[in-house]
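Both backbone and side-chain heavy atoms feed into the values below; hydrogens, waters and symmetry mates do not. Note on naming: letters A, B, ... go to the chains in the order of the sequence lines (proteins, then strands), and numbering restarts at 1 for each one.
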Amino acid sequence: MTPLFLYNSLTRQKEEFVPINPDLVGLYVCGPTVYSDVHLGNCRSFTSFDIVYRYLMYKGYKVRYVRNITDAGHLVGDADIGAEDKMAKTAKALKLEPMEVAHKYTVGFHEVMKKFNNLAPSLEPRATGHITEQIKMVQDILKNGFGYEVNGSVYFDTVKFAKEQDVYGKLSGRKLEDMLAESRELKNQGEKRHPADFAIWIKAEENTLQKWDSPWGEGLPGWHLECSAMSTKYLGAKFDIHGGGEDLKFPHHENEIAQNCGACGTMPVKYWMHGDMLLGNGKKMSKTPDPVTGISNSVMPEELFSGDNNMLSKAFSPMVVRFFMLQAHYRSTLDLSNDALLAAEKGYYRLMEAYNTLISLDHDGSGGTNDDEQQINTMLDKAFEDMDNDFNTPMALSRLFTLVNKINSFKSGHIAIGSIAKGTLERMKKVFHDFIFVIFGLLDETQASNNGNGEVLDGLMDLILELRKESRVKKDWSTSDQIRDKLKELKIQVKDGKEGTTWVVEK
RNA sequence: GGUAUUGUAGCCAAGUGGUCUAAGGCAACGCUCUGCAAAAGCGUUAUUCGUGAGUUCGAAUCUCACCAAUACCUCCA
């Protein structure tokens, strides 16, 4: 197995990936809070980690991929000064049970993930199913002296933790001194001893919809706690990779680390990975409306797939969007725009059509070693090196595109297929297949469009193109052009080549 | 205000000390192919990487200043 290097957010450098247990990988990714539909920005993050999951498996690791569903405890605002619970807010607005809200949006989330061809994680635990574990963790934190109870709520003592363990702020780059300086302000702290403290157990109010019995009375777990408790339960006190969006670094992940250290005494994660944001109109895609313009710049997947939105000129398919995401590195921001998606669409179809051309190529068995052969093998090798270099999908993709030219040249006869060895052609077929479908997780939508009546369509097209061929032999250009133009109107593109005419359904 | 990150061709975007006169996709232009197109192929399109200094034999890549944008600072993947 070639070594894999990944960028560790905690150390801020690329490190060689060495799993804690040989050949086994524990991967935890922060999942959605299921109080509303996921938007495209959320999808990018999950897609980035889908590639990580896929590539780790491709390299031969046995991966346990845990992605949580947060269905309780996520508050809007500060717990001790009367914040609103996200789940409860939606439940009240839609007149649904909180569990119904969670279910509705969990189902929707899964549907969207499936459309993007993101693999299901090995395990998808939910916060409400792990209340016992979370209570136990609060108890452990209290036992270790890093928490305090006030009036039925329990808070994490961030200041004490920060002073005793040189851990807090490491991930997000926050300094303890700055934090302590804040305490002089003494404003509106409620029950907390310090603004940096955070709720790990929240006392239920009379109208709280989701609440559970605990040693401290009825209440609900704090946000952050579900991830600590569930990652510990399913991956152990120390596991390999924790992923999530850049925006979760603070406070979510910082507090997660604090809770784990506070409860178990060990740093929970060996490698932290953070994906950067998807931008819409140059700003982070967010459901929250822009304070100035008052409009949200988030694009919902369904709006994108249907074309029913005011940002884009047309509908774009899930695979075009996935391809678009692959063209940027996961740690860079990515700017969504109509032009960028149109470009991605063209690129996606060019790649898929080249792949279909590639698998149709036959080799007569002769052939030897020359520059083409060497270049092909070099590109294939480098594509894997790119992936080993912190999952550089745009670079790996560029290698494949370099070979798209070669593939088309083989087809058109610009380069004789015999100029490369048979084994090299076979290798190219295998590697293209693996990259496109297994590692990048793309689906061939050029084929999918023929579903259901593929044979009929093929038969019809054979007939039509045969008739057109006859008219062309007779130099009856008006008939042949009419056929071509009418098919074009039906989104069927006719491609005349030296070896005959082929066709493809356009998007 | 604090803390980070980013600024690469018309657009999206790789590259973070020499192989960079900067990958790839899209767009544009020329040529080849074609009855004409489309598709495909070939070629051209940033001697330059926000601006200005500095370090270095050598900088898109390191340092400083400035300008601009974005993110986080207890809602967000």
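With F432(A) as the aromatic partner, K406(A) does not meet the cation-pi criteria of under 6.0 angstrom to the ring centre and within 45 degrees of the ring axis.
In this pair, F161(A) and F156(A) present their aromatic rings perpendicular. The plane angle is above 60°, beyond the 30 to 60° band. Using cut-offs of 30° and 60° on the angle between ring planes, the pair H224(A) and H252(A) is tilted.
Spacing between A23(B) and U47(B) at atom P, rounded to whole Å, works out to 12 Å. A71(B) and C31(B): their C1' atoms are spaced 47 Å apart (whole Å).
Using a 4.0 Å cut-off between a side-chain N of Lys or Arg and a carboxylate O of Asp or Glu, D71(A) and R126(A) qualify as a salt bridge. We find that R54(A) and D50(A) are joined by a salt bridge, their nearest charged nitrogen and carboxylate oxygen being less than 4.0 Å apart. Note on E445(A) versus R322(A): no salt bridge recorded, every NZ/NE/NH1/NH2 to OD/OE distance being 4.0 Å or above.
Residue K411(A) is out of contact with every strand shown, counting any heavy-atom pair closer than 4.0 Å. Backbone-only engagement by G244(A) is indicated by non-hydrogen atom pairs under 4.0 Å involving sugar-phosphate atoms exclusively. Among the protein residues, H39(A) comes within range of the nucleic acid bases, having at least one heavy atom under 4.0 Å from a base atom.
Proximity of the aromatic rings of F116(A) and F305(A) is defined here by a centroid distance below 6.0 angstrom, and this criterion is met.
Mapping R44(A) and F198(A) onto RNA chain B via the closest heavy atom, the residue that lands nearer the 5' end is F198(A).
The listed nucleotides are C36(B), A71(B), G24(B); the one nearest the side chain of S398(A) is G24(B). Nearest nucleotide to the side chain of N42(A), out of A77(B), A13(B), A23(B): A77(B). Candidate nucleotides G24(B), C72(B), A77(B) were compared by shortest atom distance to the side chain of M277(A), and A77(B) ranks first. In this structure, of A14(B), A37(B), A77(B), it is A77(B) that holds the atom nearest to the side chain of K284(A).
Contact annotation: S332(A) side-chain N/O to A14(B) OP1/OP2 distance is under 4.0 Å.
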Below 3.5 Å between N/O atoms, which protein atoms pair up with nucleotides 8-12 of chain B? Just atom names and distances, please.
none

Expected rows: protein N/O vs nucleotides 38-40 of chain B N/O, under 3.5 Å:
unit_1, atom_1, unit_2, atom_2, d
A38(B), O2', Q493(A), NE2, 2.8
A38(B), N1, D496(A), N, 3.3
A38(B), N1, D496(A), O, 2.8
A40(B), O3', N408(A), ND2, 3.0

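Of the residues in residues 471-483 of chain A, those lying under 4.0 Å from RNA chain B by heavy-atom distance are R472(A), W477(A), S480(A), D481(A).
Residues that satisfy the side chain to side chain donor-acceptor pair (under 3.5 Å) test with K488(A), not counting sequence neighbours, are E506(A). With sequence neighbours excluded, the residues that form a side chain to side chain donor-acceptor pair (under 3.5 Å) with K284(A) are D247(A).
Counting only Watson-Crick or G-U wobble pairs whose defining distances are both under 3.5 Å, the stems of 3 or more consecutive pairs in RNA chain B are B:1-7 with B:67-73, B:10-12 with B:24-26, B:28-32 with B:40-44, B:50-54 with B:62-66.
Taken to the nearest 0.5 Å, the CH2 atom of W272(A) stands 6.0 Å off from the CG atom of L171(A).
Between the side chain of R399(A) and the base of A23(B), no donor-acceptor pair under 3.5 Å is found.
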